[in-house]
> 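Just passing along the structure, written as structure tokens.
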Amino acid sequence: MCLSMPARVVEIGEEKCTAIVDYLGSRIMVGVELLEAVETGQYVLVHAGEAIQVIDEEQAIQSLDLWKELLE
Amino acid sequence: MNLLAYRNGPLFKRLFRKAAPLMKEQHERVGRKLNFMEVCGTHTVAFSKTGVRDLLAPYVNLISGPGCPVCVTDQSDIDQMIAYAKCEDVIVTTFGDMMKVPGTKSNLYQERANGADIRIVHAPSQALEISKDNPGKRVVFLGVGFETTAPSIALTLKKAKDQEVDNYYVYAAHKLTPPAVESLLQDNDHKIDGFVLPGHVSVIIGRDGWRGLEKYNVPAVISGFEPIDLLTSVVLLLKEMEKPMRVIQNNYQRNVREFGNERAKNLLGEVFEVYSPSWRGFGKLPESGLTIHSDYEEFDARKNILAVKPKSRVVKGCRCGEIVKGKEGPFDCKLFATACTPDNPLGPCMVSSEGTCSTYYQYERQKHSLSK
Ligand code: SF4
């Protein structure tokens with residue numbers, strides 16, 4: 001139930017309430033009303049049919065680099 | 001997208017080689033294994049499934065906490081949900097993992113076999129659609145979940161109001177996670193050295209949502225779910241242990257902002273109000289749940305649908321109440337993997353895929369019997 005999955009936004013619906021996302025190759029419709037803003041191509045975290053956050057890709061890379069520096 | 005980088009095997013190994021001496025050092029300094037609690041059920045699964053639990057085992061005990069929403073739902077709530085299914089004109093809509101949760105007399109699965117109209121949905125929005133498609137019926141959605149799930153349910157209530165849907169109801173049994181962690185910190189019997197905090201709850205409440213824990217000065221880190229997230233979060237806990245003053249660490253910055261998802265939080269504030277529900281194992285916890293706000297009371301199943309439930313009791317011998325507090329583990333239950341299995345679950349911890357018993361049944365049981 002608590003599972004949330006990252007998916008890529010492929011298309012945003014006309015009223016900006018829904019979007020089609022790509023999750024492991026399948027296209028799913030999700031709600032995007034919980035997001036302040038979202039663009040196609042971005043990755044979002046989807047939970048119970050709603051996107052709950054836009055994934056910060058830059059931050060993803062930065063955090064990992066920081067760990068590499070700290071531990072390598 | 002670089003997300004898979006957090007699963008990168010060779011990188012994980014390199015990081016682990018650096019982290020192991022740190023763990024060893026801390027282990028020797030404290031003179032025993034460190035006890036870290038993973039609050040979230042998805043973390044319990046992730047630690048087992050990725051093998052990180054085994055790798056850390058020489059130094060760290062990972063204890064499952066109150067992080068499976070189905071498991072912490074009080075027996076009386078479960079019975080109430082099953083009672084709705086028995087009403088003639090009611091369609092019960094639910095996430096799939098509620099189906100086999102044992103009530104005092106039956107479960108939803110059995111009720112469906114007896115003719116009740118129960119429909120599994122993946123998203124609460126589907127429940128609202130079912131209401132619109134069935135105007136002659138009353139549709140009840142079973143609102144079980146933490147801060148992560150509650151916003152999607154709040155959205156359906158807002159839409160039901162906007163669209164004047166008059167046959168949609170929610171039985172709100174949502175729980176808030178920080179009060180449960182706080183109650184564990186107030187329990188003097190507990191020896192928990194640090195907490196791995198739930199990543200997806202934190203997406204909604206932010207690092208700020210956990211600040212109330214800082215007065216206990218306990219190491220706590222918000223974590224993601226990939227192997228490198230799990231390993232680095234444990235390293236952060238070790239580093240925090242060495243500091244005199246601890247602050248909540250955010251090791252899931254790609255998804256967790258300081259103040260979380262403000263839109264979702266505002267919505268929760270509008271549609272729900274905080275109340276003090278009973279949790280399985282914990283009993284009543286102050287300000288630890290969300291119930292439907294009086295402005296939305298026409299959608300509150302509690303207030304609008306009468307369904308009499310039996311007097312609640314749990315299966316004799318089931319230790320779920322202690323397991324959700326991290327005081328016992330599945331191997332402490334005599335029924336584990338004997339009378340109680342995923343096919344025939346006797347308690348909620350064996351039903352939900354995030355339940356501790358179900359996770360240990362799937363991943364840890366064999367290792368345990370081999371080590372005996
Ligand atoms: S093994 Fe079954 S009966 Fe025992 S605590 Fe877990 S769910 Fe309850």
Side-chain angles (χ1 to χ4, degrees), chain A residues 1-10 12-13 15-72, chain B residues 1-3 5-6 8 11 14-19 22 40-42 45 67-70 95-98 121-126 144-146 148-149 151-155 158 198-201 203-204 225 228 231-232 235 251-257 260-264 267 352-354:
Chain A
M1 178 187 296
C2 278
L3 220 61
S4 309
M5 59 203 198
R8 191 172 50 87
V9 178
V10 182
I12 296 175
E15 311 237 297
K16 292 202 173 152
C17 293
T18 57
I20 309 281
V21 299
D22 178 304
Y23 175 64
L24 301 177
S26 32
R27 302 264 156 132
I28 324 172
M29 177 134 87
V30 301
V32 291
E33 284 165 277
L34 294 172
L35 303 177
E36 223 40 86
V38 64
E39 288 163 25
T40 52
Q42 284 184 318
Y43 278 80
V44 291
L45 200 62
V46 177
H47 178 85
E50 299 294 332
I52 58 170
Q53 191 58 279
V54 178
I55 302 176
D56 187 337
E57 287 188 61
E58 225 165 89
Q59 187 64 57
I61 298 163
Q62 268 176 27
S63 303
L64 200 61
D65 285 347
L66 208 66
W67 276 114
K68 283 188 204 160
E69 243 170 68
L70 269 171
L71 284 174
E72 286 202 328
Chain B
M1 176 71 169
N2 214 22
L3 285 187
Y6 286 82
N8 181 314
L11 178 59
R14 290 207 304 275
L15 294 176
F16 182 74
R17 268 202 296 275
K18 291 283 175 188
L22 282 175
C40 170
T42 314
V45 176
C68 150
V70 173
F95 293 125
D97 47 3
M98 288 302 292
V121 296
H122 302 291
S125 54
Q126 293 171 315
V144 171
F146 295 122
T148 328
T149 317
S152 60
I153 297 168
L155 265 182
K158 211 171 150 59
H200 294 147
V201 162
V203 167
I204 304 298
F225 300 86
I228 291 177
L231 174 67
T232 52
V235 170
N251 193 33
Y252 198 29
Q253 290 191 32
R254 60 189 187 273
N255 283 323
V256 175
R257 320 278 183 259
N261 181 330
E262 306 258 17
R263 229 176 218 244
L267 183 65
S352 170
S353 52
E354 297 138 29

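What you see below is based on every heavy atom in this structure, not just the backbone, and it leaves out hydrogens, waters and symmetry mates. First the proteins, then the strands, lettered A, B, ... as listed; each starts at 1.
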> Could you tell me which residues satisfy side-chain hydrogen bond (donor to acceptor under 3.5 Å, both in side chains) with Gln59(A), sequence neighbours excluded, listed by chain and number?
Ser63(A), Gln253(B)

> Sort by residue number and list every residue of residues 31-40 of chain A having at least one heavy atom under 4.5 Å from chain B.
Glu33(A), Leu34(A), Leu35(A), Glu36(A)

> Apply side-chain contact (heavy atoms from CB on, under 4.5 Å) to Ser4(A) and Thr148(B), showing your working.
CA-CA 9 Å; Ser4(A) 309; Thr148(B) 328; 4.2 Å; yes

> Measure across Ala123(B) and Ala48(A) and return the closest heavy-atom pair with its distance rounded to 0.1 Å.
CB-O, 3.4 Å

> With chain A as the partner, which of Thr232(B), Asn261(B), Leu15(B), Leu267(B) has the greatest number of non-hydrogen pairs under 4.5 Å?
Thr232(B)

> If every non-hydrogen atom of Asn255(B) is compared with every non-hydrogen atom of Gln53(A), which pair is closest and at what distance?
O-CG, 3.3 Å

> Count the heavy atoms of every other residue, nucleotide or ligand shown that sit under 6.0 Å from CE of Met5(A), and state whether that count exceeds 12.
yes

> May I ask you to name which of Lys18(B), Arg263(B), Glu262(B) has the most heavy-atom pairs under 4.5 Å with chain A?
Arg263(B)

> How many angstroms lie between NE2 in His47(A) and OG1 in Thr149(B), if you round to the nearest 0.5 Å?
3.0 Å

> Quick one: pull up CZ in Arg254(B) and CG in Leu64(A) and give me the separation to the nearest 0.5 Å.
8.5 Å

> Using heavy-atom distances under 4.5 Å, tell me whether Ile153(B) contacts chain A through its side chain, its backbone, both, or neither.
neither

> Roughly how far, to the nearest 0.5 Å, is OH of Tyr252(B) from CG of Asp56(A)?
12.5 Å

> Pick one of side chain, backbone, both or neither for Leu155(B), based on which atoms fall under 4.5 Å of a heavy atom in chain A.
side chain

> Run the salt bridge (Lys or Arg N to Asp or Glu O under 4.0 Å) test against Lys16(A) and tell me which residues pass, sequence neighbours left out.
none

> Applying side-chain contact (heavy atoms from CB on, under 4.5 Å), can you list everything that pairs with Arg17(B), at least two apart in sequence or on another chain?
Arg14(B)

> Evaluate side-chain contact (heavy atoms from CB on, under 4.5 Å) for Val235(B) paired with Trp67(A), printing each intermediate quantity in order.
CA-CA 10 Å; Val235(B) 170; Trp67(A) 276 114; 3.9 Å; yes

